[in-house]
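Heavy atoms only: backbone and side chains are in, while hydrogens, waters and symmetry mates are out.
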Amino acid sequence: MRTACCPDILPRTGKFLCGLHSSVWFARLVILLFLVKMHWGMWETWEWTMGDEAVHYTRGSAIHSEWWNWTMSWSPLYRAYYGAVSAIISDPFTATLVHRVIVIFTAVFLLFEVVRRLIPVPFALFVTLWWASIQGNINPLYTVHLFAHVANLVPILLFAASRTSRGRGWALALLAGSALFVRNETVACVLFVICFLNLYEWLLRRKGIGISWKEYLLSYGVPLVTIMAVWLGSCGISENGIKGTVRDIQEKAAFNFSQNYAFTYFLRHPNTEGNVWYKYKEICEEDFGEGEVSVGKAVLSNPKAFGEHMSMNLSNLPASLQLTLFNVRGSARNPDVIPTTHNPKRALFLTCAWGVLIIIGGWLIIADRKWFYEQTFRPHFAAWICFLGFLLQTIPVAILILSRQSFLITGASFLFLFTGLCSWAVWRKLPRPFHHPSLFPVASILALILVPSIWANRPPPYDAPRALLRALGDRREIMAVDGTHILGSIYQAEATGKFLDPAGKISVDGLDVLLPILNANAPLGDQLNKRRIKLFFACGEETESNPSYQKFAADPGEFDWKATGIWNTGPVYWKLFEPVAPYPEDLEILKNRQDLKR
């Protein structure tokens, strides 16, 4: 959508500036340069997420070699994409970084292509740059959340570009595919859009200008049946079949709610000790009688506890929205699982300024509703409804599950879009100088120069894979030949092992194995020797505060172990321990190798 550009006093510059004012290609160039600037240097300070991202990597990278282990319950389309990138790029860290950058750039450009069809190009550029400057949008903890945003934007783009029932039908099918193949909660938006499209087609038929029933079935029924057939066929050849996939989706929903409930439990009880991701079963068992419980069972078994969970999410929602819109929160309590910026004065100022813009712009839109209806709402009604559907879907997710920034990405995009619409409404009423053709190009270039990169002042990374990589150094290749068993204070140890050696000769056990060992009656050193651990990698409060570890670290020589170094990666100190001498079986391997060389 283009805006009329006022003629300039200087003819030679006026036409050029007027062209930039509404130029799609100028906007795309600005966005590209903005993204490059925002992400320059991320390969030096970005941390490889060791939560869901690591699970998606290990499962995705195995899809192409072990396709029979395909599972349809955990974002299968994302895992297939992740696996495709890892099949092309063998190094896990590089593959993860590349796959994330591709998703980020795709999400931002898709957002611009959608928004520019709904509001004029200059305001679409403003909305896109604003959205891309928010750290939680372009650097979420887990890439799958941003990939889901991409999967949602594709059908919205088709809705915005289509003018026919068949185009809307295929857009609806892609939206349903996003729910089936990426994030299952999208089904709420799918149902909302289906209801509205049915109402729209029914009203057209009442006016005598609608499509026939045959055309209706061809337009909407065939695409939906096609996408369902593809999904059912994929489930049929997957590891668990159709029934198993349905069961797995239910179990996944219970798992997600249980972990998120435990997170709000820790917020409600700040003195609770332990790790929320390992203690969630104990918390749910205490409150609901089951280690993993669905939303429905939680409501029925303990309405009071569930009400407290909802109350916490409601109280966190304003801060989550502030983080989504302004990258800063006013609340003293952090609603997310990662560190966020706390600045009450800045958050209050930005919130008030945004609120004033929404009120004034909304009033102007209502006052001139016929003009806006003809300009954007009528020709692109399905795209607006889809955006609204995602916003309505986000609200119950934030209240019932978790009010977290990464859960709000697509729903909050409606707020960015509506802010751009209100800005357009206000701009139309401003005096003539504000309509000068140089205004938006100059503002875009200033944003490109002044908005700081999110990686500019980042501390060094502290993730376990990089710390181990630095600690092992050149010995990693030797260990990958002979095979090495590592135990450490690590989440998602399987992915860490693949990071160190994609061939799998280096095996890693993490906290799920370490914590029971630390809490056992036997001394830690004896347990390490019994399990033939060749490297013990320790950090974190859970490990360092344990009496068994403290005794071992005070005198590792008592158990024929030695401390070989401390590595400071960012704010975390990693301590590496190794046996004083190789195990007998390792000596035998070395002896045989020397005999072969002779």
When you measure from the centre of the six-membered ring of Trp202, is the NZ or CZ of Arg205 under 6.0 Å away and within 45° of the axis?
no
Do the side-chain N and O atoms of His56 and Arg79 include a donor-acceptor pair separated by under 3.5 angstrom?
yes
Give a yes-or-no answer on whether the side chains of Gln250 and Ser294 include a donor-acceptor pair shorter than 3.5 Å.
no
Calculate, to the nearest 0.5 Å, the distance between atoms CZ and CG belonging to Phe414 and Leu392 respectively.
8.5 Å
Pairing donors with acceptors under 3.5 angstrom, does anything connect the side chains of Ser406 and Arg404?
yes
Classify the side-chain pair Arg346/Thr341 by whether it contains a donor and acceptor separated by less than 3.5 Å.
no
Establish, from distance only, whether the side-chain atoms of Trp40 and Ser453 form a donor-acceptor pair under 3.5 Å.
no
Short N-O contact, Arg428 and Asp368, less than 4.0 angstrom
yes
So, Asn139 and Arg100: side-chain donor and acceptor under 3.5 Å apart, yes or no?
yes
Roughly how far, to the nearest 0.5 Å, is the CG atom of Asn184 from the OG atom of Ser178?
9.5 Å
Inter-residue atom distance Leu180.CG - Ser234.OG, 0.5 Å rounding:
10.0 Å
Taking atom types as modelled, is there a side-chain donor on Glu215 or Ser165 under 3.5 Å from an acceptor on the other?
no
Whether Glu113 and Arg117 form a salt bridge (side-chain N of Lys/Arg under 4.0 Å from carboxylate O of Asp/Glu) is what I want to check.
yes
